[in-house]
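Some notes on the structure that comes next.
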2 protein chains.
Amino acid sequence: MDATCGELFSDDLGWGLGTIFRSYVAALNETFIDLPGGPRGFQILSAAASGNVSSQLALAQHLGVDRTVMTYLLDDMQRAHLIERRPDPQDRRARRIVATREGEERLLTLRSRLDDVEARLLAPLDEPDRESFRKMVQLLATRIDSLQIPLAPCGDGSAI
Amino acid sequence: MDATCGELFSDDLGWGLGTIFRSYVAALNETFIDLPGGPRGFQILSAAASGNVSSQLALAQHLGVDRTVMTYLLDDMQRAHLIERRPDPQDRRARRIVATREGEERLLTLRSRLDDVEARLLAPLDEPDRESFRKMVQLLATRIDSLQIPLAPCGDGSAI
DNA sequence: TATTGTTATACTCTATAACTATA
DNA sequence: TATAGTTATAGAGTATAACAATA
């Protein structure tokens, strides 16, 4: 007998987001299996290539990881000659993170692999909906990101 | 100096999904702080109350957790008198998971708290977009869930 | 005194393996 | 022989604390 769950709680936004996110991450783990740090390695490399990473801490917060974890991730990526740490002349405590030439070249093929994964993820939607979905995700994420404290009501200064 | 990241890679779907998901989970962890298992405890309770949980394994797969983890979660929820394990008469290896009376009552208040969190999450969208977003999330999650192997191309039988 | 980055340590979460009982 | 569930163990991932360098 097939022990299907039938209709359990598929109308739950949390279940939907969780299912999408888990599958997306699992697919990215396969796709970026040869990259130090996996999917997070890609995000780090992408950010480094943009030339806008003023410090490890800022990057860590943007990615939602601890600064100590960022140290380990950057160690691995530096060993793989994908990124470099450069002391910020304005603040010699901080390290600017930049992509090496090799890192930038690597990024090109990684991006095309990412495009494939995202195309498969969004395949059930028609083209206009795909664009709407991306727009909505960006809007929601940007608003949340700018709040720092996730989903906290205004005036609530408590940490997570 | 404010070490802002400016525009790093906010056009990345992965970053958007990750940011939304992390914030959503963090908010749910606060909201369900007093519930065994936190957000997953809620999902288990919600499924149990639906009366459609034919086995612990089916529930575990639906939630994307290992069956051993499900054992621990159910232990905690049973100790809190929220759910019961009932041997399935059709297959005495399996346990049907049902909510107790206390669990069903608890679920009512938990649902209203969840509604508050989701309302805050989706606040940046106008009402029609909120409904569209929910619909798209459900569609994508359902399609992925039915594939079992996340985002695998057709004909690829390899496990994750 | 506060902040960035590093390192060592401890903790949490999850998966693996072995087992019992059912099919 | 294969599957559902449990338990103990091991592993991966993460956070905590202490430190040096700089602001």
Side-chain angles (χ1 to χ4, degrees), chain A residues 1-5 18 21-22 25-26 28-29 32-33 35-41 43-44 48 53-79 83-98 148 159-160, chain B residues 1-5 18 21-22 25-26 28-29 32-33 36-41 43-44 47-48 53-79 83-98 148 159-160:
Chain A
M1 179 191 296
D2 186 9
T4 175
C5 266
F21 192 67
R22 277 194 312 275
V25 169
L28 289 184
N29 278 332
F32 296 140
I33 189 78
L35 183 71
R40 285 201 296 211
Q43 291 186 308
I44 290 170
V53 183
S54 58
S55 74
Q56 298 184 190
L57 184 61
L59 183 55
Q61 289 171 340
H62 193 68
L63 262 57
V65 302
D66 194 83
R67 60 181 180 157
T68 62
V69 174
M70 184 55 68
T71 295
Y72 303 139
L73 288 169
L74 291 175
D75 285 348
D76 294 342
M77 301 191 70
Q78 195 164 27
R79 257 190 296 273
I83 59 103
E84 281 176 10
R85 289 165 158 111
R86 292 192 188 157
D88 183 343
Q90 260 87 59
D91 182 347
R92 283 170 36 227
R93 293 172 303 180
R95 312 296 174 86
R96 300 188 65 89
I97 305 301
V98 296
Q148 297 292 8
I160 314 186
Chain B
M1 180 193 297
D2 186 9
T4 175
C5 266
F21 192 67
R22 277 194 313 274
V25 169
L28 290 185
N29 278 332
F32 297 140
I33 190 79
R40 286 202 296 213
Q43 292 186 308
I44 290 171
V53 183
S54 57
S55 74
Q56 298 183 189
L57 184 61
L59 182 57
Q61 290 171 340
H62 194 68
L63 261 57
V65 303
D66 194 83
R67 59 180 180 157
T68 62
V69 174
M70 184 56 67
T71 296
Y72 303 140
L73 288 169
L74 292 175
D75 285 348
D76 293 342
M77 300 192 69
Q78 195 165 26
R79 256 190 296 273
I83 60 103
E84 282 177 10
R85 290 166 158 110
R86 292 193 189 155
D88 183 344
Q90 259 89 58
D91 182 346
R92 282 172 34 232
R93 293 172 302 180
R95 312 295 175 85
R96 300 187 67 87
I97 305 301
V98 296
Q148 300 289 11
I160 311 184

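Proteins come first, then strands; the chains are lettered A, B, ... in the order of their sequence lines, and each starts at number 1. Side-chain atoms are counted along with the backbone in the values below, which use heavy atoms only and exclude waters and symmetry mates.
- With rounding to the nearest 0.5 Å, the separation of CG in A/D75 from CE in A/M77 is 11.5 Å.
- Toward the 5' end of DNA chain D, the nearer of the two residues A/G64 and B/A94, judged by each one's closest nucleotide, is B/A94.
- For D/dT6, one of the phosphate oxygens OP1 or OP2 lies less than 4.0 angstrom from a side-chain nitrogen or oxygen of B/T71.
- The side chain of A/Q90 contributes no N or O atom lying less than 4.0 Å from OP1 or OP2 of D/dA23.
- Ranking C/dA18, C/dG5, C/dT16 by closeness to the B/T68 side chain, first place goes to C/dT16.
- Summarising the geometry, the separation between CG on B/D76 and C1' on D/dT6 is reported as 14 Å, rounded to the nearest angstrom.
- Atom-to-atom, CZ of A/R93 to C1' of D/dC19 comes out at 16 Å; the value is rounded to the nearest Å.
- For A/D66, the listed nucleotide lying nearest its side chain is D/dA15; candidates were C/dT6, D/dA15, C/dT3.
- With hydrogens and angles left out, the side chain of B/R67 and the base of D/dG5 share a donor-acceptor pair within 3.5 Å.
- Among the nucleotides D/dT7, C/dT4, D/dA15, the one closest to the side chain of B/D75 is D/dT7.
- When the P atom of D/dA4 is taken as reference, atom CG of B/L74 falls 15 Å away, rounded to whole Å.
- Between B/P39 and B/N29 the shortest side-chain heavy-atom distance falls below 4.5 Å.
- Smallest separation of non-hydrogen atoms from A/Q78 and A/R85: OE1-NH1, 2.6 Å.
- Computed from coordinates, the A/L59 CG to C/dT4 P distance equals 13 Å when rounded to whole Å.
- With values rounded to the nearest 0.5 angstrom, A/Q56 atom CD is found 12.5 Å from A/R96 atom CZ.
- In this structure, the CG atom of A/L63 is 13 Å from the P atom of D/dA15, given to the nearest Å.
- Each of A/V69 and A/R92 was assigned the nucleotide of DNA chain D with the nearest heavy atom; the assignment lying further toward the 5' end belongs to A/V69.
- We find that CG of A/D91 is positioned 17 Å from P of C/dA2, with the value rounded to whole Å.
- Listed nucleotides D/dT22, D/dT6, D/dT7 differ in distance to B/Y72; the shortest reach to its side chain belongs to D/dT7.
- Spacing between atom CG of B/L57 and atom P of C/dA23 amounts to 16 Å, rounded to whole angstrom units.
- The distance between atom CG of B/D88 and atom P of D/dA4, rounded to the nearest whole Å, is 12 Å.
- Contact annotation: the side chain of A/L59 approaches that of A/I44 to within less than 4.5 Å [non-hydrogen atoms, C-beta and beyond].
- Considering only the side chain of B/R85, D/dT6 comes nearest among D/dT6, D/dA18, D/dG5.
- Closest contact between the side chain of A/Q56 and the listed nucleotides D/dG5, C/dA21, C/dG5 involves C/dG5.
- As judged by a 4.0 angstrom heavy-atom cut-off over every strand, A/R40 is placed among residues touching the sugar-phosphate backbone only.
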